[in-house]
Amino acid sequence: MRVTRVGRRAVALGSATAALFFISACKSSTDAGTIPTNPNLPSRTFRMGFANAPPVLTTESVLRTIDEFTPRADAAEISPSVPWAAMLSGTTAEAVVRSEDLGLVNLYRARGMMVVINIDPANGLARDQEAPELVAAHRSITEPAIQLLYRKFVTAIDTILHPTYLGLGVETNLIRFASPSPVYQALKTMANAAAAEARARGTSAKLLVSVQVDLAWGLIGGTTPSYAGIAQDLTDFPFMDVVGLSSYPYLGVFVTPEEIPLSYYSRIGAQAGKPVMVLEGGWSSTTVSSHPGTPALQARYIHRQRQLLDDARALAVFQLTYADLDLSSWGMQPGLAPFVTLGLVDKDFHAKPALAVWDSAFARPHATTTNR
């Protein structure tokens with residue numbers, strides 16, 4: 001699930017004027033300072049951060065969200081959808097990246113954050129479908145011309161933004177599980193081609209795709225945890241320097257966070273022989289259908305996730321939403337309902353119990369900054 005893509009271009013940041021406003025407003029805003037680290041606490045291997053999904057789709061909400069999460073983050077994730085409609089109409093990938101992403105990346109770096117960019121060419125809310133813009137245009141990633149547009153976008157992201165980590169596909173095992181085989185094969189083809197091009201131009205980014213952890217553990221279509229692994233993904237995407245992880249365990253069979261196996265992340269890393277980072281996930285603070293969710297359960301999940309991250313010696317963790325989504329702004333889009341209350345604060349920025357647990361983890365000094 002990639003909720004940040006759903007209304008990304010509805011936020012008023014698409015023009016040069018809005019981008020300039022965005023940067024100047026953020027630089028002049030009041031910075032609450034960072035959560036102080038405690039050198040007496042054990043260090044953490046993982047950086048911590050958020051993707052910018054504001055409660056309301058306005059520039060002001062974007063700015064407040066960033067200002068609120070900046071003190072408790074040392075990394076930031078941007079999760080752009082491929083701008084299919086714009087590129088099909090003739091807009092260049094470079095123009096899109098400069099107008100929609102460059103200001104945000106510059107802001108994050110000015111605030112000392114590592115930047116991870118995770119590109120999703122598919123439908124983030126329905127893995128059995130292609131991107132809505134492609135469907136509307138009666139196009140498909142199975143077409144070589146569409147694959148070329150994807151590669152051009154990857155190149156623009158890499159060469160203009162220079163992310164530390166660059167994701168070329170999202171939840172690949174879930175796409176293989178849910179989508180028609182030709183769609184998955186096309187994703188494999190174009191991601192590998194984009195990776196080869198990135199290597200050829202000497203990219204500084206570490207490359208990755210993400211896998212859905214709950215599926216890797218047999219919890220989609222299953223009833224008990226039974227590790228299935230990611231062998232096919234390792235074969236199909238051999239360029240991976242890092243394995244990205246996506247996990248929403250409350251939508252599986254777990255009733256409480258403590259039921260999640262301690263090796264939930266580390267077993268995937270061990271199988272891959274590569275480091276892992278959590279690119280999305282969470283536990284809802286409200287019950288979704290039959291899936292239990294309360295503010296207390298959500299706080300316990302953040303604590304349990306900290307244990308999973310330590311066990312895996314993960315590189316990073318990203319809470320996809322800092323704040324809950326205001327559905328009067330976002331609208332009840334298909335597939336969005338289970339992810340509305342993943343935030344550590346509510347849609348009015350009132351703290352939930354999970355925020356204090358997150359802050360206590362962030363107070364641990366990052367391993368690379370210990371004794372600086």
_Any donor-acceptor pair under 3.5 Å linking the side-chain atoms of Q212 with those of Y248?_
no
*Got I141 and W84 here, is their nearest side-chain heavy-atom distance under 4.5 Å?*
yes
_S284 OG to D324 CG distance, which is reported to the nearest 0.5 Å_ = 8.0 Å
*Would you say P132 and N123 make side-chain contact, with heavy atoms under 4.5 Å?*
yes
*Test log, rule side chain to side chain contact (heavy atoms under 4.5 Å, CB included), inputs M240 and L234*: CA-CA 8 Å; M240 281 192 285; L234 296 172; 3.7 Å; yes
*Would you indicate whether R300, at its atom CZ, is surrounded by more than 12 heavy atoms from other residues, nucleotides or ligands within a distance under 6.0 Å?*
yes
*Can you find a pair of side-chain heavy atoms, one from K347 and one from V56, that are under 4.5 Å apart?*
no
*Side-chain contact, heavy-atom cut-off 4.5 Å: N52 with I78?*
no
*Side chains of F46 and D310: closer than 4.5 Å at any heavy-atom pair?*
yes
*For V242, does its backbone N or O pair with a side-chain atom of K206 as donor and acceptor, under 3.5 Å?*
no
_Can a donor-acceptor pair be found, under 3.5 Å and without considering hydrogens, that links the side chain of E130 to the backbone of V183?_
no
*Using a 4.5 Å cut-off on heavy atoms from C-beta on, say whether the side chain of E60 contacts that of L63.*
no
*Do E280 and F339 have side chains that get closer than 4.5 Å, going by heavy atoms?*
no
*Would you check, one step at a time, whether the test side chain to side chain contact (heavy atoms under 4.5 Å, CB included) holds for L161 with L102?*
CA-CA 6 Å; L161 305 181; L102 183 57; 3.7 Å; yes
*So, is the end of the R267 side chain (NZ or CZ) under 6.0 Å from the ring centre of W217 and within 45° of the ring's axis?*
yes
_Residue pair R306 / H303, side-chain donor-acceptor N/O under 3.5 Å_ = yes
*Side-chain donor or acceptor of D214 paired with backbone N/O of S247 under 3.5 Å*: no
*Can E94 and R98 be counted as an ion pair, charged N to O under 4.0 angstrom?*
no
*Roughly how far, to the nearest 0.5 Å, is the CG atom of L168 from the CE atom of M190?*
9.5 Å
*Is the gap between the ring centers of F50 and W358 under 6.0 Å?*
yes
*With ring centroids as reference points, do Y264 and F254 lie under 6.0 angstrom apart?*
yes
*Short question: side chain of R364, backbone of L41 - any donor-acceptor pair under 3.5 Å?*
no
*Taking the side chain as every heavy atom from C-beta outward, state whether D158 and P163 have any atom pair closer than 4.5 Å.*
yes
*Would you call the rings of Y250 and W283 parallel, tilted or perpendicular, where under 30° means parallel and over 60° means perpendicular?*
tilted
*Is there a donor-acceptor pair closer than 3.5 Å between any side-chain N or O of E68 and the backbone N or O of T65?*
no
*Step by step, work out the side chain to side chain contact (heavy atoms under 4.5 Å, CB included) result for E133 and L88.*
CA-CA 10 Å; E133 290 179 339; L88 285 169; over 6 Å; no
